[in-house]
Amino acid sequence: MILYIFFIGLLAGALFCAWKISVADLRRRIIPDVYLFPMLLIGLLIVSLFPWWHIGPRESALAGTFGYILSTIIGLIFGSIKNKGKYKYDNPIGMGDIKLIGVGGIWLGFTGLSIALVLSCLFGGIWGLRKKQQFIPFAPFFIAGGFLALIITSFLI
């Protein structure tokens, strides 16, 4: 019984962090580490302590590392294309987004991370076209895609 209460408390803390990350990215275009790192630690605790979670610790660590490296490479490629090889500080993917994708890999695993990335790019692209904005806050769309990917991988696959 206490284990389930602890699990629900951890999930509530993660939901709070996800909410604060989304609001901060929408308002200020920044993802604060003060909410990102607790979400990382909560994800590691859940994956490590609760055997009913849909992925194991090994896949979680590998997927988090893969998500971090992949998003860094994509950010560097798009940044160099946008800036035409010149080093500038205006990159299309910020470090907060890169860290958030790494945290998403820890929570979701490889399959869930790929589903979340596809959904978040789709949602963000539609939102950007409707709002006609150059900069799209990625965190709210990635978190929404992550929740949907969690539901898909946990219950449907």
Side-chain angles (χ1 to χ4, degrees), residues 4-75 77-78 92-157:
Y4 291 114
I5 293 172
F6 183 59
F7 179 72
I8 291 172
L10 287 175
L11 286 181
L15 282 173
F16 174 76
C17 290
W19 174 257
K20 294 300 270 185
I21 287 169
S22 296
V23 169
D25 197 25
L26 276 171
R27 289 184 182 167
R28 298 178 296 171
R29 288 185 33 212
I30 191 167
I31 298 174
D33 289 341
V34 71
Y35 300 115
L36 193 61
F37 290 140
M39 198 164 166
L40 169 86
L41 293 174
I42 291 170
L44 289 173
L45 277 173
I46 285 178
V47 167
S48 300
L49 296 178
F50 302 106
W52 60 78
W53 194 252
H54 69 285
I55 59 170
R58 182 175 179 205
E59 182 185 352
S60 174
L62 289 173
T65 305
F66 176 75
Y68 187 83
I69 292 171
L70 178 70
S71 58
T72 302
I73 291 170
I74 290 172
I77 289 171
F78 283 129
I93 299 177
M95 280 305 294
D97 297 326
I98 291 170
K99 289 183 274 188
L100 182 64
I101 292 171
V103 170
I106 288 173
W107 277 86
L108 302 170
F110 287 111
T111 306
L113 181 62
S114 60
I115 293 170
L117 284 173
V118 168
L119 290 175
S120 61
C121 290
L122 190 72
F123 295 155
I126 291 170
W127 187 81
L129 288 174
R130 291 204 63 187
K131 294 285 187 175
K132 294 183 174 69
Q133 287 188 337
Q134 183 179 4
F135 297 104
I136 299 169
F138 187 68
F141 302 110
F142 183 74
I143 289 172
F147 283 133
L148 288 174
L150 186 63
I151 291 168
I152 289 169
T153 57
S154 295
F155 300 113
L156 300 179
I157 294 181

(request) Check whether any side-chain N or O of Ser120 sits under 3.5 Å from a backbone N or O of Phe141 as a donor-acceptor pair, and report yes or no. (result)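 Judged by distance alone, no pair lies under 3.5 Å.
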(request) Spell out, as yes or no, whether a donor-acceptor pair under 3.5 Å connects the side chain of Trp107 to the backbone of Met39. (result) yes
Only pairs under 3.5 Å count here: list side-chain donor-acceptor contacts from residues 64-72, not counting sequence neighbours, and write none if there are none.
from: Thr65; atom 1: OG1; to: Ala61; atom 2: O; distance (Å): 2.9
from: Ser71; atom 1: OG; to: Gly67; atom 2: O; distance (Å): 2.8
from: Ser71; atom 1: OG; to: Tyr68; atom 2: O; distance (Å): 3.1
from: Thr72; atom 1: OG1; to: Tyr68; atom 2: O; distance (Å): 2.7

(request) Would you check if Ile101 and Phe138 make a side-chain contact, meaning some heavy-atom pair closer than 4.5 Å? (result) yes
(request) State, with a plain yes or no, whether a side-chain heavy atom of Pro137 is found less than 4.5 Å away from one of Trp127. (result) yes
How long is the straight-line distance from [atom2] of [Y] back to [atom1] of [X], given to the nearest 0.5 Å?
X	Y	atom1	atom2	result
Leu15	Ile143	CG	CD1	10.0 Å
Glu59	Leu113	CD	CG	10.0 Å
Cys121	Ile126	SG	CD1	11.5 Å
Ile55	Leu150	CD1	CG	9.0 Å

side-chain contact (heavy atoms from CB on, under 4.5 Å) partners of [X], counting only residues at least two apart:
X	answer
Phe7	Leu11, Ile46, Phe50, Trp52, Trp53
Arg58	Leu62
Ala149	Leu108, Ile115, Ala116
Leu41	none

Show the nearest heavy-atom pair for residues [X] and [Y], with the distance to one decimal.
X	Y	answer
Ser154	His54	OG-ND1, 3.7 Å
Leu36	Leu100	CD1-CD1, 3.7 Å
Asp25	Ala139	OD2-N, 2.9 Å
Gly105	Ala63	O-CB, 3.3 Å

(message) Going by salt bridge (charged side-chain N to carboxylate O under 4.0 Å, His left out), name the residues that satisfy it together with Lys20, two or more places apart in sequence or in a different chain.
(response)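 Result, salt bridge (charged side-chain N to carboxylate O under 4.0 Å, His left out) vs Lys20: none returned.
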(request) Sorted by first residue and then second, give each ring pair (Phe, Tyr, Trp, His ring centres under 6.0 Å) pair with at least one member in residues 15-42; sequence neighbours left out. (result) none
(request) Could you list all the salt bridge (charged side-chain N to carboxylate O under 4.0 Å, His left out) pairs where at least one residue sits in residues 30-40, not counting sequence neighbours? (result) Asp33-Lys99
(message) Consider side chain to side chain contact (heavy atoms under 4.5 Å, CB included). Of Ile31, Leu26, Ile30, which one does Arg28 pass it with?
(response)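 Among Ile31, Leu26, Ile30, the one that satisfies the side chain to side chain contact (heavy atoms under 4.5 Å, CB included) with Arg28 is Ile30.
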